[in-house]
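Here the structure comes first, spelled out in structure tokens, and everything after it is commentary.
Naming: A, B, ... by sequence-line order, numbering from 1 per chain. A quick note: this is a predicted structure, and the numbers were derived from the prediction, not measured. FYI, side chains are in, hydrogens and waters are out, and symmetry mates aren't considered; it's all heavy atoms of this structure.
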Amino acid sequence: MIKSENRLRKNKHFRYIYKHGETKTYKVLTVTFVETKFKTIKVGFSVSKKIGKSVVRNKVKRRLRESFVSLQKNIKPNRNYIFTAKQGIENLDFHEIRQNMMEILKKNGLYIENN
RNA sequence: GUAGUUAGCCAGAUGAUCGCAGUAUAGUUGUUGUGACUAUAAUGAGGAAAGUCCGAGCCUCGUAGAACAGGGUGCCAGUUAACUGCUGGUGAAGGUGACUUUAAGGAAAGUGCAACAGAAAAUAUACCGCCCACAUUUUUGUGAGUAAGGUUGAAAUGGAGGUGUAAGAGACCCCCGCAUACUUGGUAACAAGUGUGGCAUUGUAAACCCCACCUGAGGCAAGGUUAAAAAAGACAAAUAUGUUGUUCGCAUCGUCUUUUAAAAACACCGCUUGAUUGCAAUGGAGACAUUGUAACUAGAUAGAUGAUCAUCUAAUACAGAACUCGGCUUAUAGACUAACUACACUA
RNA sequence: GCGGGAGUGGCUCAGUGGUAGAGCGUUGCCUUGCCAAGGCAAAUGUCGCGAGUUCGAAUCUCGUCUUCCGCU
């Protein structure tokens, strides 16, 4: 799981990012990000009621968190991110979601290759 | 063997690696604030956590008082903290049966409604009829009697048979039903029996209503702690304010309203030891109660149970705690246990 | 988490227990050289779903599904 220092916690943080950040969409994921002066990455996840019932939503959130943790070392720092799930994500398994997240980050130049 | 009825139980397991939550212990660091980090330990979603349909705890409302209104419940007895719950019984309905279902008080307190059809729909009424008399005339009319039969309808003024009669009729008789009184049994609902009456008094209360009993309102986003300000306006001794609607009663003297600022955010308390859970014994027909013994078993706040791999397997369904508990209702794959019933076959 | 509404033709809505309606739209015909407007007809409903009460339910009762609104 994500450590508490890497989490977005307050409603006003979310609202700030939505207001000032850039939004990019690819397949079943939307990423919103904004540059900050702090080095630590902060991340939040948003899964709306359109995706499904509470069991389904929790499952999607868990998979998104787990994907983020596995990719965390390669994500550009000094930024805050919000990942929003879109309809269709509930039918994908963990590996497909991880692949989708990696692709969306690469496309927008937020992914650092291992070298 | 087939089909079924009732009751109960389970809701994947094991191992490996990585990771989250609060708790306890130890260490490091640090402050408005036991706050952050590290290590170790054990623990960490359900049978419905769901719907929010009932009931209760708990909290707040300075008032919790009364009457009416409004709302709820409705066979009897028991059970429970309480209940539209549960248990046992009575009546009624369904099923060959095991068994199941049941909003089941009152229609001689009053009001309303009963479309169409039908003679007639609650008021005793007569379309086709039956029978008698008279007239006309040879099938009609008038008058009197009658309601057995026919027709309509969801429902037709006790049922079927006999006596009786001009024809008929509870007019009378037997049996059944109904009403009522008494006796017996039962805590009671009610049941059985005996006598009397002689058919009035249709249905509908999940129509208004009557009767009996219950009912203050709002809800953890309740409410409290750290915790402390200023300005403007309204009202002035009965106005105003207050807790569903109305009236009365009651309480408050400085109260109320608006605006701005701060506190204040990684906040804290409420928050989980409780009508608790497991086991055993005793009492009871049962729901349940009592006693003993053991256990402590989520407490998050962008919101914790996951990811990957392996093995077993039928392993799949419905589904995620948000103050707590007791019920009800609804969703649900698959597996298992016990008792019983009907039918068929065999001995 | 707590509370309160709605569901009827394709759309917007009436309908207080007795044959399901209105407007707009749709289709056909008339009118016109053609179209619009106008006129005359017609079709279109498991009254969200499942039970119950009743002789009879869109309507009354219970359950359920969908959807909307308020409190933060």
Side-chain angles (χ1 to χ4, degrees):
Chain A
M1 279 297 295
I2 307 161
K3 291 187 177 176
S4 56
E5 63 180 359
N6 293 332
R7 290 188 214 161
L8 285 170
R9 286 187 175 274
K10 287 292 161 188
N11 196 12
K12 59 184 179 188
H13 299 156
F14 276 81
R15 271 187 287 182
Y16 177 84
I17 292 164
Y18 280 127
K19 203 172 177 180
H20 299 281
E22 286 184 67
T23 303
K24 303 286 177 186
T25 304
Y26 179 69
K27 283 185 180 173
V28 297
L29 269 180
T30 297
V31 63
T32 306
F33 60 94
V34 66
E35 288 196 44
T36 64
K37 57 186 174 180
F38 300 106
K39 198 171 188 186
T40 49
I41 298 168
K42 278 184 182 285
V43 65
F45 301 95
S46 172
V47 183
S48 81
K49 269 194 174 176
K50 278 185 189 170
I51 304 295
K53 297 188 175 185
S54 55
V55 173
V56 176
R57 295 202 303 272
N58 279 348
K59 197 169 201 170
V60 169
K61 267 194 258 181
R62 283 189 213 113
R63 281 177 172 164
L64 285 172
R65 284 199 211 100
E66 205 61 39
S67 307
F68 176 80
V69 167
S70 65
L71 297 169
Q72 194 174 357
K73 287 178 186 170
N74 298 333
I75 292 175
K76 273 192 180 174
N78 294 21
R79 280 170 182 79
N80 289 354
Y81 298 87
I82 297 173
F83 291 94
T84 307
K86 298 177 69 181
Q87 274 179 310
I89 198 169
E90 66 271 17
N91 299 322
L92 304 182
D93 68 14
F94 170 72
H95 293 289
E96 289 172 311
I97 289 173
R98 187 171 180 279
Q99 189 65 30
N100 198 310
M101 188 180 273
M102 201 154 88
E103 283 172 17
I104 193 172
L105 291 169
K106 274 183 184 173
K107 271 178 171 287
N108 296 292
L110 302 168
Y111 191 80
I112 306 164
E113 296 290 346
N114 275 336
N115 279 319

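Nucleotide A49(B): unpaired (no Watson-Crick or G-U wobble partner with both distances less than 3.5 Å). Figure legend. U28(B) is base-paired to A36(B); pairs are counted as Watson-Crick or G-U wobble with both atom distances under 3.5 Å. For U31(C), there is no paired base (Watson-Crick or G-U wobble, both distances below 3.5 Å). Partner assigned to A188(B) is none, using Watson-Crick or G-U wobble distances below 3.5 angstrom. Base pairing of U73(B) is made with A212(B), judged by Watson-Crick or G-U wobble geometry with both donor-acceptor distances under 3.5 Å. Across all strands shown, A307(B) forms a Watson-Crick or G-U wobble pair, both distances under 3.5 Å, with U17(B). Look at G112(B): its Watson-Crick or wobble partner, with both distances under 3.5 angstrom, is U204(B). Within the shown strands, A251(B) is the pairing partner of U241(B) under the Watson-Crick or G-U definition, both distances less than 3.5 Å.
Atom C1' of G326(B) sits at a distance of 14 Å from the matching atom of U79(B), rounded to the whole Å. Rounded to a whole angstrom, the distance from the C1' atom of A192(B) to that of A206(B) is 36 Å. Across the C1' atoms, G186(B) and G88(B) are found 15 Å apart, a figure rounded to whole Å. Straight-line distance between the C1' atoms of U23(B) and A287(B): roughly 40 Å, to the nearest whole Å. As rounded to the nearest Å, G47(B) and G327(B) have C1' atoms that lie 15 Å from one another. Taking atom P in both C268(B) and A300(B), the straight-line distance is 9 Å, to the nearest Å. Between the C1' atoms of U346(B) and A93(B), the separation comes to 40 Å (whole Å). Of the C1' atoms belonging to U157(B) and G198(B), the separation is 15 Å, rounded to the nearest Å.
For G46(B), the O4'-C1' to base torsion is more than 90° from 0; the nucleotide is therefore anti. Applying the 90° criterion around 0 to the glycosidic angle, U297(B) comes out syn. Anti is the conformation of A338(B), whose glycosidic angle sits further than 90° from 0. Glycosidic conformation at U272(B) (O4'-C1'-N9-C4 for purines, O4'-C1'-N1-C2 for pyrimidines): syn, within 90° of 0. Taking 90° from 0 as the syn/anti boundary, the base of G170(B) is oriented syn.
Evaluated for a side chain to side chain contact (heavy atoms under 4.5 Å, CB included) with Val31(A), the options Met101(A), Lys107(A), Lys24(A) yield exactly one hit, Lys24(A).
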